[in-house]
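Source: prediction; values computed, not measured. Numbers restart at 1 for each chain; the letters A, B, ... are given by sequence-line order, proteins then strands.
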Amino acid sequence: MNQFAISATNLVKEFKANKHVVTAINGLSLQVAPGETYGLIGPDGAGKTTTTRVILGLLSRTSGESSVLGFDSMNDMYEIRKRVGYIAQQFSLPPPLTVMENMLFFAGIHSVSSEQQKKRIPELLAFAGLSEFMNRLAGKLSGGMKKKLALACSLIHEPQVVMLDEPTLGVDPVSRREFWNLLGNLRAERGLTIFVCTHYMDEAERCTRVGLMYEGKLIVDDSPANIKRIIPGHVLEFMPSDFAAARKLCNEMDGVLEVQTYGDKLHVFVGDVAKRKPQIEAALASQGITHDNLREIEVRMEEAFISLIRRQKESVEQDGMLTQKSEMSGEI
Amino acid sequence: MSAELFVTQSQVTPILVQNLTRRFGAFTAVDDVSFSVQAGEVFGWLGPNGAGKTTTIRMLLGLIKPSSGSAFVSGFNSATQTKLVHAHVGYMSQQFTLYNDLTAMQNIRFYGGVHGLSSDELRQRISEIIQMAGLVGRENTLTGSLSGGWKQRLALGCAIVHHPKVVFLDEPTAGVDPISRRQFWELIYQMAKDGVTVLVTTHYMDEAELCQRVGFISAGRLVALDSVSQLKLTQMRGQVLEINVSDPEKAVRILKAAQQSHQVPLDEVALYGAQIHAVVPDAQEYNDAIQRLLTQDNIRVNSIEWIAPTLEDVFISSVKARVDAN
């Protein structure tokens, strides 16, 4: 028994496909304390969904350990199921059932007594703002309402932990905000532990802690505020008249740590704003590139994400190049 | 506007929507909407589900007829010159509509054939699109085995195989990771630089911030039309406070209670990671009240900062204003 709501240690998951072995999780360790809202982010194919499924015991692990509320993912799967709510990425609610029938269906699956059903179902419907739609067919609900119904269904057995895999995909901003406010209420009022995989960095900012996954490993694990702080330097934003030329110019300048594109604007990372800003302005002017006001902006999770992934890729490539070089020259 | 002026303007305006209305029985899906998009502009068309976003696009594409008003694309009337409209627009939906069992190159060739490109044109376009989408070396990969970002860029390539001057992108980036989304937006602006007009819908307001101008539609009505920076100045009801406290879970419970008892006029209060965001009518006026309220419950207030609203804050505020007005 440990004190963590969710725990993984040196977790490895390999898939065998056509004699190839694909390593989806490659020695991942993470711990989520009770009451935390933990966001797992990372590029496509990083292994977020596989991690969620292995922790839940829906997929077997190749090696390492994983547990939920102290229950081992592989050996105590049923104990986990009793205590955890889960919304899969492509979840489906039986469309020919009404909202109420869906709730009853999930209550049945989780063996919730009829007495408890009578109490909890109206509470959960009120919580999700679905009381008025009790008799509507699930198939006739809007996208946002479906997600809220899925959340209500996942809470029917009063779980201590919920694991949500991209729960807001394709949902409009108003419903998305409502969904996250519901998660906030669950955290504030019930101390629920929430584990969520997302592609949206504004959602990551609403987590208490964020893990950035890349090629099966966790490369960063910290609060959103700290993640933004570990990005070196400051970000200058401007819109140049000649995008390609300005980008090339900035990339080649001394003191420029990184250049990111942002639509028709550039984000240039520098260590020393006071020193580099006039240099960049002068360099642009000398090339006849005009631009709007060159200003410092706050680093958001999105800039941090892109920067961290890029540096991870570069370090992997550099290692590769060093190995190649040393092989060619016979030196280390 | 005189008829003569109208014709001249519609010839030069890539997207022109005038008093567009569409009713389905008693329900008005699009209600007297007017806007125009200039050549080379990247225009965000935003709204909640069911607000009339897609109905507007379908009328622009000539797929359904307006009940009244009109829509013009590249100067052609969408309702009466639909074939001409189709020849001049590109359309990409969130489903990407690519054939997974064809290779990347075969998909481009297929769409080129649909649009009647000659084999010379097709050869040139295939190489251009493969370059643009960063698919060099993956020309013969089955589309089904490409990752989300590649597929998305290939779908865009197929949508513009016939060099349209106006492109409609309907939630093109749903479910795609942040890095691929940035690359995609770089492509959008490359097209715009070449004079292509882009109308894009998205549910992600961080992405909408990348548009040069946006229109918000809510319950069928156009509720705001401006640049993102102007919208933040003019459309946000109230101001956003970021509250940093010792016990955010407890603090948010206290603030919610104060909201319900109307002790403090909080338009919205919610947990944001380790912080709380609250929308109040006036940041300076309510800063002290919030501080007192929390302190008397033994919560340590580290800071209360007045922060700039995000476009999402503005969007939700506009939609609420529209709902309240009804």
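Note that CZ of B/Phe27 and OG1 of B/Thr55 are 7.5 Å apart. Values are rounded to the nearest 0.5 Å.
For the pair B/Glu209 and B/Lys232, the salt-bridge criterion is met [side-chain N within less than 4.0 Å of a carboxylate O]. Between B/Arg253 and A/Glu189 there is no salt bridge, since no side-chain N of the basic residue sits under 4.0 Å from a carboxylate O of the acidic one. A salt bridge is defined here as a Lys NZ or Arg NE, NH1 or NH2 lying under 4.0 Å from an Asp or Glu carboxylate O, and A/Arg247 with B/Glu186 meets this definition. At a threshold of 4.0 Å, the pair B/Arg182-A/Glu302 counts as salt-bridged, since one of the basic side-chain nitrogens sits closer than that to a carboxylate oxygen. Comment: A/Glu166 does not engage A/Lys48 in a salt bridge, judged by the lack of any side-chain N to carboxylate O separation of less than 4.0 angstrom.
Counting heavy-atom pairs closer than 4.5 Å to chain B, the top-ranked of the candidates A/Tyr200, A/Phe305, A/Trp180 is A/Tyr200. For the set A/Arg176, A/Arg209, A/Arg206, the entry with the most heavy-atom pairs within less than 4.5 Å of chain B is A/Arg206. Across A/Ile41, A/Thr208, A/Ile309, A/Val174, the residue that shares the most heavy-atom pairs under 4.5 angstrom with chain B is A/Val174. Of the residues considered (B/Pro48, B/Ala251, B/Ala274), B/Pro48 shows the highest number of contacts with chain A, using heavy-atom pairs under 4.5 Å. The greatest number of non-hydrogen atom pairs below 4.5 Å with chain A, out of B/Asp247, B/Val42, B/Asp206, B/Leu187, is found for B/Asp206. Put simply, of B/His203, B/Glu249, B/Arg181, the one with the most heavy-atom pairs under 4.5 Å next to chain A is B/His203. Options A/Pro224, A/Gly144, A/Pro173 differ in how many heavy-atom pairs under 4.5 Å they form with chain B, and the most are formed by A/Pro173.
For B/Gln190, no part lies under 4.5 angstrom from a heavy atom of chain A. Heavy atoms closer than 4.5 Å to chain A are found in the side chain of B/Gln212, but not in its backbone. There is no contact between B/Lys193 and chain A, counting heavy-atom distances below 4.5 Å. Only the backbone of B/Thr173 has a heavy atom closer than 4.5 Å to any heavy atom of chain A. Proximity to chain B is limited to the backbone of A/Val171, based on heavy atoms less than 4.5 angstrom apart. Interface residue A/Tyr262: backbone and side-chain heavy atoms are both found under 4.5 Å from chain B. Neither the backbone nor the side chain of B/Asn244 comes within contact range of chain A, judged by heavy atoms closer than 4.5 Å. No part of A/Ser223 comes within reach of chain B, as not one of its non-hydrogen atoms sits under 4.5 angstrom from that chain. Residue contact with chain B, scored on non-hydrogen atoms closer than 4.5 Å, involves the side chain of A/Arg300 exclusively. Contact of B/Tyr272 with chain A is made through backbone and side chain together, with heavy-atom distances under 4.5 Å.
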Evaluation steps, side-chain contact (heavy atoms from CB on, under 4.5 Å), between B/Thr201 and B/Ile57: CA-CA 10 Å; B/Thr201 75; B/Ile57 293 178; 3.5 Å; yes
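In this structure, a donor-acceptor pair under 3.5 Å is absent between the side chains of A/Glu36 and A/Thr193. For the residue pair A/Glu314 and A/Gln312, no side-chain donor N or O sits within less than 3.5 Å of a side-chain acceptor on the partner.
For A/Phe243 and B/Tyr189, the ring centers are positioned 6.0 Å apart or more.
Using bins of under 30°, 30° to 60° and over 60° for the plane-to-plane angle, the ring pair A/Phe238/A/His291 lands in the perpendicular bin.
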